[in-house]
Structure formats: structure tokens, C-alpha cells
Amino acid sequence: MRAQQRQAAPRVARAASFVRALWLIGLIGLFGGLIELVLVFPGAEYPGVMVLYTAVFWVYLAAGLVAWYRRPSNPMAALILAGALVVYLSNLGNASQPILVGIGSVFATTILAVIVHLLLAFPSGRLGNNVARGVVAGAYFVAVVLQTPLYLATSETVLETAITTQRVCGFAVMGATSLMLALRVRAADPAHRRVLLPLFSYGMFVVLGVPFASLLFDAFAPPTREVVQLVLLMGLPVAFVFGMLRGGFTHTGELTDLGAWLSVDVATGSLQDALALTLGDDTVRLGLRGGAPGEFVDETGAAMNVAARASGREVVEVTVAGASIAVIEYDSRMNGNAEHVRRAGQVLAVALDRTRLSAELLSSQRKLRESRTRIVDAADHERLRIAQDLHDGLQVQLVLLALEAQQIAGIADSSPATKAAATTLRKRIDSAAADLRRLVHDVLPLTLTERGLSDAVEDLVDRMPIPTTFEVHPPDLHLSEPVSNTAYFVVAEALANTVKHADASSARVTLVQTAHALHIDVTDSGRGGAIVAGRGLRGLADRVDALGGTIDLRSPDRAGLTLSVELPCES
């Protein structure tokens with residue numbers, strides 16, 4: 001269902017211009033890489049390394065464009081594209097022109113700082129705490145500040161000291177990064193771990209492997225070290241794309257798309273689904289203010305709990321004219337910018353207020369139906385109490401009185417007149433007891449309460465003065481008391497109308513229980529013309545409606561009667 005609603009939400013504003021812009025950036029990057037090859041390839045000592053540098057640049061560029069397309073408002077795309085730019089500039093260090101070599105030297109190790117930033121900011125694009133900010137700041141310090149002596153130093157001793165200092169600090173930063181990534185994977189829930197584990201595992205391999213490659217391959221020919229490092233770096237954006245496709249970067253829409261959807265298609269979809277699409281968060285929940293303080297309901301009016309700041313969840317309020325009308329609960333690991341979530345909520349504000357009122361109406365209707373159901377249930381319990389009191393009290397007393405009258409009639413020395421009077425009294429008491437049993441049965445038959453709906457309806461059918469068939473499926477019905485009682489009275493009233501008014505020659509009763517409803521059909525071959533306006537059928541219609549059911553009466557003149565009732569239930 002949610003997928004269908006997502007398909008209904010348009011991407012009006014982004015489709016043409018945004019995609020064209022991404023293609024343009026990609027083409028510029030493609031030609032930029034070719035131009036760089038022209039600049040650095042002539043006279044290059046290791047041409048293959050130059051080509052590999054350009055390939056790494058293109059891979060980062062492609063990954064950044066994919067991230068930008070999937071989540072335009074997420075800073076991750078900018079970070080990946082920054083990584084592509086850094087790789088591009090560092091490759092200039094392999095050119096023969098001194099100015100290009102100088103630029104390449106400045107950015108030679110900056111890619112490692114960008115990688116640390118990327119890994120610790122994934123997937124929201126923002127650093128979650130001061131420790132992460134400190135580690136990233138340290139990474140940029142090592143890559144930018146401690147890189148300065150490497151291209152400005154004139155003394156061999158200063159140069160060696162600077163290289164050693166940069167390596168030691170770099171290993172410390174990379175070790176801290178790996179530890180933080182491992183802790184994040186360990187603390188993640190299973191759904192997020194499925195996305196984070198492959199990316200962070202490879203990320204830890206890269207941040208530790210690239211510096212170690214500088215030491216491990218120092219004894220080999222220079223291209224070996226560069227090739228190993230570049231291959232490791234090339235795999236990282238691939239790992240990011242893999243994480244995106246596995247759920248780290250759910251496709252999002254823009255706020256302009258959301259506004260367009262509200263203007264043309266709001267009646268056909270769920271606001272929560274539109275919000276989830278815009279934010280790229282399948283777990284987003286929309287809570288509308290209920291009638292009581294602190295009460296929230298969903299779009300159907302059902303009560304819901306909103307968890308604030310629990311398990312990576314955050315909550316923002318949506319207001320209209322200073323009054324809070326809704327809250328949005330979202331995954332802060334996917335959307336690190338609460339202001340963006342709030343702006344999306346404000347775009348929805350008017351529709352939210354309308355939906356809130358609708359939800360309140362639905363909630364009131366649900367409460368009214370529940371109240372009516374309780375009234376019906378209370379009436380049935382009162383019927384049962386009265387029936388039991390009559391059966392266990394007054395009926396027993398009448399039986400005892402009949403026995404006493406019989407004993408008086410059997411006394412040997414009683415006069416014939418006394419015996420006749422006692423016999424007449426016993427017969428009248430027996431008749432009163434029979435009338436009382438019929439009354440008890442009409443109030444609420446004990447067959448229904450003791451043996452269930454199927455047996456009670458079968459008893460009704462057996463007592464019909466005209467041929468009547470009865471079908472039930474499944475044979476063993478499992479129903480709540482209100483449903484069972486209502487179904488019985490529906491059948492009883494319909495059959496009573498058949499006997500009293502229809503002048504029918506036959507009748508039929510069918511009960512079918514499905515997964516979510518009990519279907520009742522009563523038909524006869526009578527004269528037709530029955531209407532729901534009668535007191536008996538009108539009372540049944542009210543009772544059926546109180547349970548959320550439907551009733552349909554078709555009774556054309558001289559064409560019999562068909563009464564169809566559907567009562568909601570669970571099998």
C-alpha cells in the first residue's frame with residue numbers, strides 16, 4: 001500500500017532541470033578528467049598511475065552525483081564531490097608545470113581527511129557529536145596543516161621530522177576513526193547494521209590501509225605504493241553507492257515536489273507517505289494533536305505514541321498561527337537537519353490541520369461506535385439477566401405452585417368441586433409457565449447463550465410453519481457475544497416477518513463467516529413489499545449499524561424478500 005502511495009507522489013519540480021544539471025556536471029567532470037590527462041600525461045614518469053588517478057576522480061564524481069540525485073538536501077553528496085575535487089587536484093602534482101605540482105602537493109593527503117569526514121557523517125551528512133567533530137578536525141589538521149612543511153621545507157631534517165609527525169598524527173586519527181566506526185556498528189539496530197557494516201568495514205580497511213601502504217611499500221618501486229592506495233580509495237565510493245542502494249540513502253523528493261503534490265493530488269494519498277518520500281525515511285511517523293493534552297492520533301484517528309529522543313529518533317513540532325497541530329517523528333541518523341524536517345512539516349501545515357480535523361472526526365466516530373457497541377452489549381447482558389431471573393425464579397415458583405395444585409387435587413377426602421378447582425388451577429399454572437418460557441425465549445433464548453448461534457438459528461428454522469432451509473459455513477462459528485446476539489435477532493425478526501406478513505411458501509437462511517465478517521442472508525418466496533421503516537427492522541438496522549455492519553433489504557412487490565446483513569468480526 002505504501003509503495004502505491006509513493007508512486008502517486010509526483011516529482012514535478014525536479015524531473016527536468018535538476019536531472020539535466022546533474023548530467024551537465026557529469027559531462028564537465030568527464031572532460032575535466034580528459035584535460036587533466038593531457039596536462040599530466042606528457043613527460044609523466046608513470047603514465048598508468050596518472051590514468052588511475054583520473055579513474056578514481058571519475059568514480060568519486062559518479063558516486064557524488066548519484067548521492068545528489070537520491071537525496072538533494074543531504075550534505076553527503078557535497079562531501080563525495082569534494083572528495084572527487086581533492087583527488088583531481090592532488091593528481092596535478094604529477095604534472096611537469098611547477099604551479100600544477102604546487103597545487104597537487106597542497107592537496108596530496110586531503111582525500112584522507114575527506115574520507116574520515118564521509119565515514120563519520122554517513123548517512124545524515126552531519127557529525128553527530130563533539131567527539132566526531134574533533135576527530136574530523138584532527139584529520140583536516142593532519143592533512144592540511146601538517147602537510148605544509150612537506151612542500152615548503154628546505155631542510156632535509158625539517159622535512160623528515162614533518163613526515164614523521166604527520167604519519168604519527170595520521171595513524172592516531174585513523175585509529176580513532178576506526179574505533180568510532182566499530183562502536184557505531186555495534187550500537188546500531190539490525191536494520192541499520194545491515195547498511196553500515198559493509199561500508200564501515202571497508203572504510204576502516206581504507207583509513208588504516210592507505211597510511212600503512214606508505215610504510216609497507218616504501219621499499220618497492222614508487223608506483224606500487226600509489227597503485228595500492230588508489231585502488232583502495234577507488235573502492236570507497238563504490239561502497240558508499242552500495243550503502244545507498246541497501247537503504248542508507250532512500251530516494252527523496254524536494255519540498256517543491258511536496259508543494260506540487262499538495263496542490264494537485266492531496267486527496268489520493270497519505271500525508272505520512274508524502275512526508276516519508278520527501279525526507280527519504282520509511283520510518284517517519286506523523287502524529288496529529290488529539291483532543292486531550294499530550295494525545296496524538298494518526299491519519300485514521302487511531303491513538304499513537306510518539307517517542308522523543310529514543311533510539312536515534314527525534315521529534316519536531318508543526319505549528320499553524322503559533323498553535324501546535326502535529327509532530328513529526330523521524331530517524332535522526334537519516335536526517336541530521338531538524339530544520340529541513342520542520343520546513344517539510346510547514347509545507348504540509350494546512351493539509352495537516354485539515355487532516356487533524358478529519359482524524360478527530362474519525363476518532364469521535366470510532367468512540368461513538370464503541371459507545372453504541374457497549375450500549376448494545378449492556379442491553380444484551382440485561383436481557384440475559386432478566387431471562388435468567390425469570391427462568392430461575394418465577395418459572396420455578398410456577399412449577400412448585402402447579403405441584404401443590406396437583407397435590408390438592410389428589411387428596412382423597414377432598415370434595416369433587418375442590419378437586420376440579422385444583423385441577424383447573426394446575427392447568428392454568430402450566431399454561432402461564434408455558435407463556436413464561438416463550439417470553440424467556442423471546443427475550444434471549446438459552447439455546448443461543450449455551451450452545452451458540454448455529455444451534456439457536458437451527459432451532460428457529462425447525463419451529464417455522466413453512467419449509468425453511470438452513471446453511472452455515474463453517475459449521476463451527478466463532479463469534480463475539482454482540483455479533484452472535486445481533487445475528488440471531490436479525491434472523492428471528494426476518495423469519496417472524498415472513499410468517500406474519502409475507503404469505504410465503506418457503507424460506508432460506510444462510511450464515512457464512514469469512515476472515516473479517518459474518519454474512520447473513522434470509523430469503524423467502526412471499527409477496528414482497530417489506531421496508532426497513534418498520535419498528536422491528538428499523539431496530540435491527542440501528543443494532544447492525546452500532547456494530548459497524550451493513551444491512552440491505554430487497555423486497556420488490558410479488559418477488560419475495562432478500563435481507564442481507566454483514567457484521568464485522570474476526571475468524
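- In this structure, OG1 on Thr498 lies 5.5 Å from CE on Met464, to the nearest 0.5 angstrom.
- The number of heavy atoms from other shown groups lying within 6.0 Å of CZ (Arg428) does not exceed 12.
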Stepwise, does the side chain to side chain contact (heavy atoms under 4.5 Å, CB included) test hold for Val472 with Val457? CA-CA 10 Å; Val472 58; Val457 173; over 6 Å; no
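- Ala487 meets the side-chain contact (heavy atoms from CB on, under 4.5 Å) test with Leu453, Leu518, Ile520, Leu567; sequence neighbours excluded.
- A donor-acceptor distance shorter than 3.5 angstrom exists from the side chain of Arg527 to the backbone of His501, with no hydrogens or angles considered.
- One finds the CD1 atom of Ile328 at 10.5 Å from the CD atom of Glu317 (value rounded to the nearest 0.5 Å).
- Side-chain atoms of Glu458 do not come within 3.5 Å of backbone N or O of Phe470 as any donor-acceptor pair.
- Shown here for Phe122 and Arg184, the closest heavy-atom pair between the two residues is O-NH2, 2.8 Å.
- Atoms NE2 and NE2, on His473 and His519 in that order, are 11.0 Å from each other to the nearest 0.5 Å.
- Considering every non-hydrogen atom in both Glu566 and Val544, the closest pair reads O-CG1, 4.5 Å.
- Between His478 and Gln513 the shortest heavy-atom distance is O-NE2, 3.0 Å.
- Distance check: Ile466 CD1 to Asp503 CG gives 9.0 Å after rounding to the nearest 0.5 Å.
- For the atom pair Tyr488 OH and Leu479 CG, the distance stands at 15.0 Å (nearest 0.5 Å).
- Although no hydrogens or angles enter the test, the distance criterion places no donor-acceptor pair under 3.5 Å between the side chain of Thr468 and the main chain of Val461.
- Between the side chain of Ser525 and the main chain of Ser505, a donor-acceptor pair closer than 3.5 Å is present.
- Taking every heavy atom of both residues into account, Ala502 and Asp524 meet most closely at CB-OD2, 3.8 Å.
- When every heavy atom of Gly64 is checked against every heavy atom of Ile80, the shortest pair comes out as N-CG2, 3.4 Å.
- Between Ser454 and Pro475, the closest heavy-atom pair is OG-O, 3.5 Å.
- Residues passing the side-chain hydrogen bond (donor to acceptor under 3.5 Å, both in side chains) test with Ser564, sequence neighbours excluded: Asp521.
- In this structure, the side chains of Glu314 and Val316 stay at 4.5 Å or more apart for every pair of heavy atoms.
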